[in-house]
Asker: 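So that we are looking at the same thing, I have put the structure below in structure tokens.
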Amino acid sequence: LNIIPPDNHCKIDLKQQLLSMPSSVDIIACFFDCSLKLLACACDDGCVRLFDLSTCTPSVCRTFNHTAAAANVWSVAVVGGKVISAGADGVVRVWDLSSGRLVNWLQGHDGDVNCLAVTCDGKVISGGADGSVRVWDVQIGSLQSTRHCRHSESEPISVEITTLALTDAGNQVCSDETPMGVSCNMVACGSSDGIIGVFQYSSHCQAAEDALQLVSVFEYESKSVSSLCWITKLDRSLGLAVGCTDGSVSVFLLATLPGSGCLMQHFPDQLAFIANAEIDALW
């Protein structure tokens, strides 16, 4: 893994640091904080390792240890001076970045927490094996909202949320009715049964549970979705790249309905297919 910071010409080589880790350890997920120049790595030995990338000789500046009951850490994020980790025991853990102390233990998911994402205003969204998508305020340690990828309560809950993708701060999408000063993210989640849900997250809602609203849900050929990535076209319209466990990659072009912020999906031809290979990540 090589990272070139935008404010200097020093290529950071993490090879030696990664090789110094135990040979039996797999890195499951990474999160890079551009402002702090920190790389957080979730590992399958129950640890989150934090690399300081502020110099050309990066080092592991801190290790956060899960208990033996949560041996596998599936996802990690860094936000507001906190390191967020989640894994096989269904708990979202909040660690203090400076002291390394565990400061909060957020429960709500029934089963593994597979993915984490950070919203435009610093909230954390988690997706789990129970089919739920949850919004957490990690600064005060509370659950804000719970949603599922379904149009109505009568529909079955999606089998398992496997991946999340948010539009970044530079690509926030709001409807024409969104008040000034309110930030928005489009949130996509994919599941093991091929259900893809698109939500709109808005900050400063009158009721915190209303911050995440489902605007579109569709089934993608009953494929297991393993990775998602938002794409912003030159005309500022959005597309969603979808990678699956069967090696296929497709792009859905999403059109905004005027004045509503709702989305319609269009289904172009499949872009690529890699036989016998799971798509682990998209950018």
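Start at 1 with the first residue, then count along the sequence.
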Asker: Do any N or O atoms from the side chain of D130 and from the backbone of D110 form a donor-acceptor pair under 3.5 angstrom?
Answerer: yes
Asker: How about V48 and T63: do any of their side-chain heavy atoms sit closer than 4.5 Å?
Answerer: no
Asker: Are L212 and V133 close enough that some pair of their side-chain heavy atoms sits under 4.5 Å apart?
Answerer: yes
Asker: Indicate the atoms forming the closest heavy-atom contact of G127 with L164, along with that distance.
Answerer: N-CD1, 3.8 Å
Asker: Would L39 and C30 count as a side chain to side chain contact (heavy atoms under 4.5 Å, CB included) here? Give the steps.
Answerer: CA-CA 7 Å; L39 178 71; C30 291; 4.1 Å; yes
Asker: Does a side-chain heavy-atom distance below 4.5 Å link L53 with L38?
Answerer: no
Asker: Is a side-chain donor or acceptor of D44 paired with a backbone partner of N72 at a separation under 3.5 angstrom?
Answerer: no
Asker: Determine whether a donor-acceptor pair (N or O, by modelled atom type, separation under 3.5 Å) exists between the side chain of R147 and the backbone of E209.
Answerer: yes
Asker: Taking T167 for the side chain and N185 for the main chain, is one N or O donor matched with an acceptor at less than 3.5 Å?
Answerer: no
Asker: When rounded to the nearest 0.5 angstrom, what distance separates OG in S191 from CD1 in I196?
Answerer: 8.0 Å
Asker: Side chains of F199 and C189: does their closest heavy-atom pair fall under 4.5 Å?
Answerer: yes
Asker: Take V25 and R49 through the test side chain to side chain contact (heavy atoms under 4.5 Å, CB included) and record every step on the way to the result.
Answerer: CA-CA 11 Å; V25 172; R49 291 172 173 85; 4.0 Å; yes
Asker: For a 4.5 angstrom cut-off between non-hydrogen side-chain atoms, does L214 reach S216?
Answerer: no
Asker: Which heavy atom of V225 sits nearest to which heavy atom of L228, and what is that distance?
Answerer: CG1-CD2, 3.8 Å
Asker: Please evaluate residues S126 and R134 with respect to the criterion side chain to side chain contact (heavy atoms under 4.5 Å, CB included), reporting the C-alpha separation (whole Å), side-chain torsions for both, the decisive distance (0.1 Å), and the verdict.
Answerer: CA-CA 5 Å; S126 60; R134 299 172 187 264; 3.7 Å; yes
Asker: Got a second to check how far C149's SG is from I195's CD1, nearest 0.5 Å?
Answerer: 7.5 Å
Asker: Is there a side chain to side chain donor-acceptor pair (under 3.5 Å) between S35 and D33 once you walk through the steps?
Answerer: CA-CA 6 Å; S35 59; D33 188 299; 2.7 Å; yes
Asker: Between CG of L36 and SG of C61, what distance do you get to the nearest 0.5 Å?
Answerer: 10.0 Å
Asker: What residues, two or more places apart in sequence or in another chain, satisfy ring-ring contact (aromatic ring centres under 6.0 Å, His included) together with W95?
Answerer: F64, H66
Asker: Rounded to the nearest 0.5 Å, what separates atom OG in S85 from atom NZ in K82?
Answerer: 13.5 Å
Asker: Search all heavy atoms of W136 against all heavy atoms of Q107 and return the closest pair with its distance.
Answerer: CH2-O, 3.6 Å
Asker: Are the side chains of L50 and L97 in contact, using a 4.5 Å heavy-atom criterion?
Answerer: yes
Asker: Looking only at atom types and distance, does a side-chain atom of R93 sit under 3.5 Å from a main-chain N or O of I84, one as donor and one as acceptor?
Answerer: no
Asker: For I28, is there any backbone N or O sitting under 3.5 Å from a side-chain donor or acceptor partner on D26?
Answerer: no
Asker: Are the side chain of S202 and the backbone of A211 linked by a donor-acceptor contact shorter than 3.5 Å?
Answerer: no
Asker: So for atom CG, which belongs to D210, do other residues, nucleotides or ligands contribute more than 12 heavy atoms lying within a distance under 6.0 Å?
Answerer: yes
Asker: Are W74 and V138 linked, directly or through other ILVMFWY residues, by side chains that come within less than 4.5 angstrom of each other?
Answerer: no
Asker: Rounded to the nearest 0.5 Å, what separation is found between the CG atom of N104 and the CD atom of Q139?
Answerer: 10.0 Å
Asker: Just verifying a value: how many Å separate L166 CG and M186 CE, rounded to the nearest 0.5 Å?
Answerer: 10.0 Å
Asker: Are V83 and W105 grouped together when hydrophobic residues (ILVMFWY) are joined by side-chain heavy atoms under 4.5 angstrom apart?
Answerer: yes
Asker: Of the non-hydrogen atoms in I27 and C41, which two are nearest, and what is the gap between them?
Answerer: CG2-CB, 4.1 Å
Asker: When you compare the side chain of F31 with that of S75, does any pair of heavy atoms fall below 4.5 Å?
Answerer: no
Asker: Can you name the closest pair of heavy atoms from V73 and C47 and give their distance?
Answerer: CG2-N, 4.2 Å
Asker: Do T119 and V124 pass the side chain to side chain contact (heavy atoms under 4.5 Å, CB included) test, and can you show the C-alpha distance, the side-chain angles, and the key distance before you say yes or no?
Answerer: CA-CA 6 Å; T119 69; V124 170; over 6 Å; no
Asker: Check whether any side-chain heavy atom of V198 sits under 4.5 Å from a side-chain heavy atom of V217, and report yes or no.
Answerer: no
Asker: Between K223 and S248, do the side chains contain an N or O donor and an N or O acceptor separated by less than 3.5 Å?
Answerer: yes
Asker: Kindly give the heavy-atom pair with the smallest separation between N114 and A129, and that separation in Å.
Answerer: ND2-N, 3.9 Å
